[in-house]
Structures are given as C-alpha cells and as structure tokens.
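Reckoned from all heavy atoms, side chains included, excluding hydrogens, waters and symmetry mates. Here is the naming used below: chain letters follow the sequence lines, and residue numbers restart at 1 for every chain.
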Protein chains: 2
Amino acid sequence: MNSFTEENYLKAIFKLSSKNSGGVSTNSIAESLNTKASSVTDMIKKLSDKKLVNYKKYQGVNLTKKGKEIAVSIIRNHRLWEVFLVEKLNFKWDEVHDLAEDLEHIKSKKLTDQLDAFLEFPKYDPHGDPIPDKDGNINRHQDITLADLKKKEQGVVVGVKEHSKSYLNYLENTNLVLGSEIKVTDIIDFDKSMTITVNKKQEVNISNQASKNLIIKKL
Amino acid sequence: MNSFTEENYLKAIFKLSSKNSGGVSTNSIAESLNTKASSVTDMIKKLSDKKLVNYKKYQGVNLTKKGKEIAVSIIRNHRLWEVFLVEKLNFKWDEVHDLAEDLEHIKSKKLTDQLDAFLEFPKYDPHGDPIPDKDGNINRHQDITLADLKKKEQGVVVGVKEHSKSYLNYLENTNLVLGSEIKVTDIIDFDKSMTITVNKKQEVNISNQASKNLIIKKL
DNA sequence: TATTACTTTTAGACTAATCTAAAAATATAT
DNA sequence: ATATATTTTTAGATTAGTCTAAAAGTAATA
Ligand SMILES: [Mn+2]
Ligand SMILES: [Mn+2]
Ligand SMILES: [Mn+2]
Ligand SMILES: [Mn+2]
C-alpha cells in the first residue's frame with residue numbers, strides 16, 4: 001500500500017487544489033508539508049508512477065481519480081477521529097488535530113465505517129469541517145467569513161479556516177464557538193477590525209486577521 | 001522519540017524475557033519479528049545507545065527500566081484498543097489484533113488514559129490478557145492451561161496463549177470462549193488429546209496442541 | 001581437546017525519504 | 001527581446017531499517 005508520507009502528500013495536494021484552480025505547484029506543496037521543493041519533486045515522480053497524480057515537468061500536479069479517493073478517505077478518517085476524541089474522550093477542539101494526523105493513517109474500511117456508525121454519522125468535525133461520507137461525497141459549506149459581513153448583518157459561526165491552538169483558544173475565550181450568533185455592530189474602515197455582539201450579550205472587538213478565518217452562515 | 005520499529009523491538013524483547021529467564025537471544029527476537037539476526041544486532045546497538053536495553057556482545061539483551069516502561073505502555077495501548085474495538089465497534093475477538101498493532105503506536109498519555117476511563121478501566125483484553133494500569137502494574141494470571149488439568153477436574157476459560165485467527169475461530173465454533181466452564185471427562189494417554197464438557201452441555205474433543213494454548217482458572 | 005555445529009556480529013549493499021547546491025526552465029521586468 | 005528573478009528539477013549525500021554473505025565467537029560432541 002501507500003506509506004504515511006505518500007498519504008500526506010496526497011492530502012496536501014487535495015487541499016491545495018481545492019483552493020486555487022490549475023495544477024498545484026511544487027513550492028506550495030513543499031510549504032504546506034514543511035519540506036523542500038526537491039523532496040517534493042522526488043515524491044511527485046513516485047506518485048506519478050503509481051498513477052495517483054498527473055504530472056508534467058514544470059507544470060504542477062493534479063490528483064487522479066484514485067489519488068483523490070485516497071486523499072478523501074484520509075480526510076474522512078481524520079475528521080471522524082477528531083469527533084471521537086471530542087465527543088467520547090472529552091478532548092477540547094484545540095487538542096485533537098495532531099492526534100488525528102496520526103490516527104488518520106490507520107487503514108481499515110471496517111474501522112472507519114464502524115467508528116462513523118458509533119458516532120452516529122456526524123456531518124461535521126469539531127472545527128465545522130464537513131466529513132466525507134462512505135462514498136467520498138463532501139458537503140462543503142459556502143465560504144463566507146465574518147470579514148465578509150457588513151454592518152448590522154447577522155450570522156452563526158459554522159467553522160474555522162485556521163486550526164492553530166492559539167486561534168482556537170482565542171475563539172473559545174471570546175465565546176466564538178460553533179453555533180455562536182454574531183451581529184456586526186461596527187467596522188473600522190482603516191484596518192477592517194470589527195465590533196460584534198456575540199450571542200446577543202457580549203461585545204467583542206475582532207481584528208481582520210481573526211474575522212477572515214471564521215466561517216459564517218448568514219441569517 | 002522512538003520509532004514504531006524501535007517500539008516493536010522493545011515489545012518483542014519484553015514478551016520474550018517474561019518467557020525464559022536470562023538475556024533474550026538475537027535469534028529469538030529475529031524470529032518473533034520476522035526479520036534477520038543481522039538486523040536485530042543493528043537495532044540492539046541503537047537501543048543500547050539510547051539506554052533502553054543492556055547489551056554485551058554475544059550475551060543477549062535485557063530491557064532497562066526505561067525500556068520496560070515503554071514496552072509496557074505499548075502493551076497497555078494495544079490491549080485497550082482491542083477492548084475498544086470489541087466493546088464499542090462490534091469487532092470480533094479474532095479481528096482486532098492487527099489493527100491494535102497499528103493503534104498501539106499512537107503516543108499520547110491523555111489519549112490512553114481517557115480511553116481507559118471511557119472503557120471503564122477494563123482489567124482484561126478480549127483474549128483474557130491483563131491490561132497494565134496507568135502506573136504499569138500488570139496482573140498476570142497464573143499459567144495453567146487446559147492441558148494441565150487431570151481427568152474430572154473443572155475450570156473456567158480465562159485466556160488464550162495463541163492469537164491466530166484460525167485458533168480463535170476454532171474456539172468460537174466449539175463455544176470455548178472467555179468464561180466457558182470446562183470439565184475434563186477423558187484424556188487419551190497416547191496423544192494427550194482430551195474429551196471435555198463445555199458449559200455442562202456440549203461434549204468436545206480437543207487436541208493437545210489446542211488445549212495447551214487455553215488458559216484456565218481451576219474451580 | 002579438537003572438531004563440528006550453531007549463533008551472532010560485521011561488512012557491504014539496497015530502498016525510502018530527506019537535504020544542499022547547482023543547473024535548467026519559466027516568468028517578470030526593463 | 002534581453003536580462004533578471006523565481007521556480008523547478010537534477011546530482012549527489014545522508015539516515016533508518018533492512019538484507020545477504022562472510023567472519024568471528026560460543027556451544028556441543030566425539
Ligand atoms: Mn484537523
Ligand atoms: Mn478538524
Ligand atoms: Mn493482540
Ligand atoms: Mn489481545
């Protein structure tokens with residue numbers, strides 16, 4: 001089968017290709033995996049030999065159908081494990097990502113599907129990211145962030161685009177968790193920072209850096 | 001930290017040293033890990049440099065305190081995951097070992113301890129093997145097997161010494177699972193095969209090969 | 001004790017994944 | 001279009017873990 005390393009490359013390519021269209025660049029893969037471009041080129045050749053990516057020198061890569069399937073199944077594993085850790089083992093949402101990075105590579109269809117059933121087929125992980133179903137279908141939610149809201153508009157927090165401990169911690173401390181209701185009360189033109197009301201009670205100031213990473217469903 | 005490979009060596013050495021006393025031989029490690037003696041020698045040197053084993057050329061190895069702690073913690077992980085798979089995810093006892101071999105290497109004290117709590121601190125795994133507690137204490141049960149019983153003696157199945165799918169399957173088909181009550185009704189002197197009564201109902205013939213792998217608590 | 005058998009270690013080679021430094025290709029800017 | 005900057009690939013090394021074949025050490029046997 002495929003090594004953990006190969007799987008991590010496939011996952012990275014999958015995520016990068018959903019961001020921008022066209023082939024995924026060597027450098028962007030290197031950056032997202034904290035490795036060097038030369039290492040990426042080597043691995044791409046291997047994945048190409050295995051028919052998991054389409055690759056022409058200097059043109060970037062794209063996943064094949066098979067490559068995409070593997071990537072999605074790993075993401076499915078990752079997000080199911082995150083749900084398990086939070087729902088069943090009392091982990092906080094800022095503690096689960098690194099563990100899920102390891103758990104996602106345990107390859108067993110039965111394990112994944114039984115875990116899914118045990119968790120009662122969750123649709124979203126603890127960060128609001130959609131969980132691919134058994135057949136690999138993903139329900140992406142639209143990409144509206146708090147930064148896109150105008151003054152007086154309202155919304156509900158449905159996800160985060162940034163998964164760092166420090167960001168998640170900051171959110172929790174300001175009560176900006178999944179399901180929180182938000183109303184924009186003011187926007188400073190200079191730096192795009194906002195004043196918002198959380199759950200009709202709390203008034204909070206939030207920087208543009210922070211608001212553009214908070215995924216919102218408009219009300 | 002230590003690689004999966006290093007951890008598997010430590011676990012193998014731990015299990016082998018509890019079998020026979022004295023240093024564990026290179027060949028026995030090689031056999032139990034399906035590898036070659038030369039590979040074992042290389043790895044032993046590395047573990048010795050890391051102070052996880054004591055080693056003198058040609059004299060076999062023994063785990064240091066630290067090496068033993070690591071081995072026990074991996075065994076703890078392994079057995080807890082097996083319980084999880086059987087109790088929560090509806091796996092059969094003959095399906096869990098290989099998955100646990102992978103899961104045991106996920107290193108997180110919090111994960112292990114929370115899993116333990118979630119499973120309500122089980123004392124034994126699905127094969128009757130004792131689960132080390134948080135501090136590494138193991139409750140080994142005595143090593144009486146069905147083959148040690150005499151005619152008319154009775155006992156309860158509390159574990160298995162052989163974990164192969166084929167053996168576990170055979171046991172299940174003859175109702176010889178954990179908790180089954182057994183009475184020896186006859187022993188053939190020639191090949192040590194037995195006739196036994198299972199749960200006061202079923203009469204079964206069992207070979208010496210099979211009976212000496214079934215751990216029993218005498219009644 | 002000498003010879004033979006077995007076990008263990010060493011020497012040298014291979015693969016996967018990585019790196020640095022240099023060369024080649026592509027993109028950007030005058 | 002030419003020069004410059006950036007990106008990507010190649011060349012060559014390194015490290016972990018493994019292997020085969022041969023050498024060295026230990027054990028068993030006559
Ligand atoms: Mn994650
Ligand atoms: Mn997540
Ligand atoms: Mn097992
Ligand atoms: Mn077991």
Side-chain angles (χ1 to χ4, degrees), chain A residues 1-14 16-17 19-63 67 70-71 74 101-102 104-105 107, chain B residues 1-14 16-17 19-63 67 70-71 74 101-102 104-105 107:
Chain A
M1 258 295 88
N2 309 297
S3 67
F4 287 17
T5 311
E6 290 169 318
E7 292 180 348
N8 284 333
Y9 272 88
L10 294 174
K11 196 171 52 140
I13 295 166
F14 179 84
L16 289 166
S17 54
K19 282 205 171 65
N20 314 300
S21 62
V24 176
S25 76
T26 303
N27 264 350
S28 65
I29 298 169
E31 195 192 6
S32 94
L33 291 174
N34 287 307
T35 182
K36 294 290 142 83
S38 55
S39 308
V40 173
T41 301
D42 282 350
M43 180 56 82
I44 281 172
K45 283 179 187 164
K46 201 163 68 156
L47 295 174
S48 179
D49 290 346
K50 288 185 159 195
K51 312 251 187 252
L52 299 173
V53 301
N54 292 315
Y55 169 60
K56 274 197 209 87
K57 270 191 198 175
Y58 296 99
Q59 302 309 128
V61 280
N62 277 294
L63 295 179
I70 294 169
I74 295 163
E101 284 294 309
D102 291 338
E104 70 187 6
H105 300 290
K107 282 171 279 289
Chain B
M1 260 296 87
N2 309 298
S3 68
F4 288 17
T5 310
E6 290 169 320
E7 292 181 348
N8 284 334
Y9 273 88
L10 293 174
K11 196 171 52 139
I13 295 166
F14 180 84
L16 289 166
S17 54
K19 282 206 171 65
N20 314 301
S21 63
V24 176
S25 76
T26 303
N27 263 350
S28 65
I29 298 169
E31 194 193 8
S32 95
L33 291 173
N34 288 305
T35 183
K36 295 291 142 85
S38 55
S39 308
V40 173
T41 302
D42 283 349
M43 180 56 82
I44 281 172
K45 283 178 186 163
K46 200 163 70 156
L47 295 174
S48 180
D49 290 346
K50 288 185 158 194
K51 313 250 187 254
L52 300 174
V53 301
N54 293 315
Y55 170 60
K56 273 196 211 87
K57 271 192 198 177
Y58 296 101
Q59 302 310 127
V61 280
N62 277 294
L63 295 179
I70 294 169
I74 294 163
E101 284 293 308
D102 291 337
E104 70 187 7
H105 299 291
K107 282 171 280 292

A.B. asks: A/N27 CG to C/dT26 C1': how many Å, rounded?
C.D. replies: 13 Å

A.B. asks: If the cut-off is 4.0 Å, is A/S39 near the phosphate of C/dC19, judged by side-chain N/O to OP1 or OP2?
C.D. replies: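 Answer yes for this pair, as a side-chain N or O of A/S39 is under 4.0 Å from OP1 or OP2.
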
A.B. asks: Measure CG/A/D42 against C1'/D/dT9 and give the value in whole Å, please.
C.D. replies: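 After rounding, the gap between these two atoms is 9 Å.
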
A.B. asks: Less than 4.0 angstrom between a side-chain N/O of B/Y9 and OP1 or OP2 of D/dA16, yes or no?
C.D. replies: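 Checking B/Y9 against D/dA16: no side-chain N or O falls below 4.0 Å of OP1 or OP2.
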
A.B. asks: In whole Å, what is the span from the CD atom of B/E31 to the P atom of C/dT8?
C.D. replies: 12 Å

A.B. asks: Can you check nucleotides 21-26 of chain D for protein contacts, nitrogen or oxygen pairs under 3.5 Å, and list what you find?
C.D. replies:
from	atom 1	to	atom 2	distance (Å)
D/dG25	O4'	B/Y58	OH	3.3

A.B. asks: Select base, sugar-phosphate, or nothing to describe what A/T26 touches, counting heavy atoms under 4.0 Å on all strands.
C.D. replies: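 Here A/T26 touches the backbone only, sparing every base.
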
A.B. asks: Minimum heavy-atom separation for A/E7 and A/N2, please, with both atom names.
C.D. replies: OE2-O, 3.9 Å

A.B. asks: Round to a whole Å and report the spacing from NZ of A/K50 to P of C/dT15.
C.D. replies: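 So the NZ-P distance, A/K50 to C/dT15, works out to 15 Å.
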
A.B. asks: For residues A/F14 and A/A71, report the shortest heavy-atom separation together with the two atoms involved.
C.D. replies: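 Shortest heavy-atom contact: CB-CB, 3.7 Å.
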
A.B. asks: Strictly below 4.0 Å: does A/S3 bring a side-chain N or O up to OP1 or OP2 of C/dA16?
C.D. replies: no

A.B. asks: Which whole-number value in Å describes the distance from A/M43 CE to C/dT15 P?
C.D. replies: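 These atoms are roughly 16 Å apart.
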
A.B. asks: Rounded to whole angstrom units, what separation is found between the NZ atom of A/K56 and the P atom of C/dA25?
C.D. replies: 17 Å

A.B. asks: For A/K36 and C/dA16, what is the distance between atoms NZ and P respectively, to the nearest whole Å?
C.D. replies: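 Going from A/K36 (NZ) to C/dA16 (P), I get 23 Å.
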
A.B. asks: Can you find a pair of side-chain heavy atoms, one from A/K45 and one from A/S48, that are under 4.5 Å apart?
C.D. replies: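 Side-chain contact under 4.5 Å: no.
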
A.B. asks: For the residue pair B/H105 / B/N8, report whether a side-chain donor-acceptor contact shorter than 3.5 Å exists.
C.D. replies: yes

A.B. asks: Please lay out, stage by stage, how B/L47 and B/V61 fare under the test side chain to side chain contact (heavy atoms under 4.5 Å, CB included).
C.D. replies: CA-CA 10 Å; B/L47 295 174; B/V61 280; over 6 Å; no

A.B. asks: Is it true that atom NZ of A/K51 has more than 12 heavy atoms of other residues, nucleotides or ligands lying nearer than 6.0 Å?
C.D. replies: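 It does not: A/K51 NZ has 12 such atoms or fewer within range.
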
A.B. asks: According to a strict under-4.0 Å criterion, is A/Y55 in side-chain N/O contact with OP1 or OP2 of D/dT8?
C.D. replies: no

A.B. asks: Treat a base pair as Watson-Crick or G-U wobble with both distances under 3.5 Å, then lay out DNA chain D in dot-bracket form, 5' to 3', with | for cross-strand pairs.
C.D. replies: ||||||||||||||||||||||||||||||

A.B. asks: Identify the two heavy atoms, one from A/S17 and one from A/V24, that lie closest to each other, and give their separation to 0.1 Å.
C.D. replies: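 Smallest heavy-atom distance, with atoms named: CB-CG2, 3.6 Å.
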
A.B. asks: Please, which pairs that meet side chain to side chain donor-acceptor pair (under 3.5 Å) have at least one residue in residues 21-32 of chain B, sequence neighbours excluded?
C.D. replies: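 Residue pairs passing side chain to side chain donor-acceptor pair (under 3.5 Å), neighbours aside: B/S25-B/S28.
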
A.B. asks: If you take all heavy atoms of A/I44 and A/V53, which pair is closest and at what distance?
C.D. replies: O-CG2, 3.9 Å

A.B. asks: Rounded to whole Å, please give me the gap between CD1 in A/I44 and P in D/dT10.
C.D. replies: 11 Å

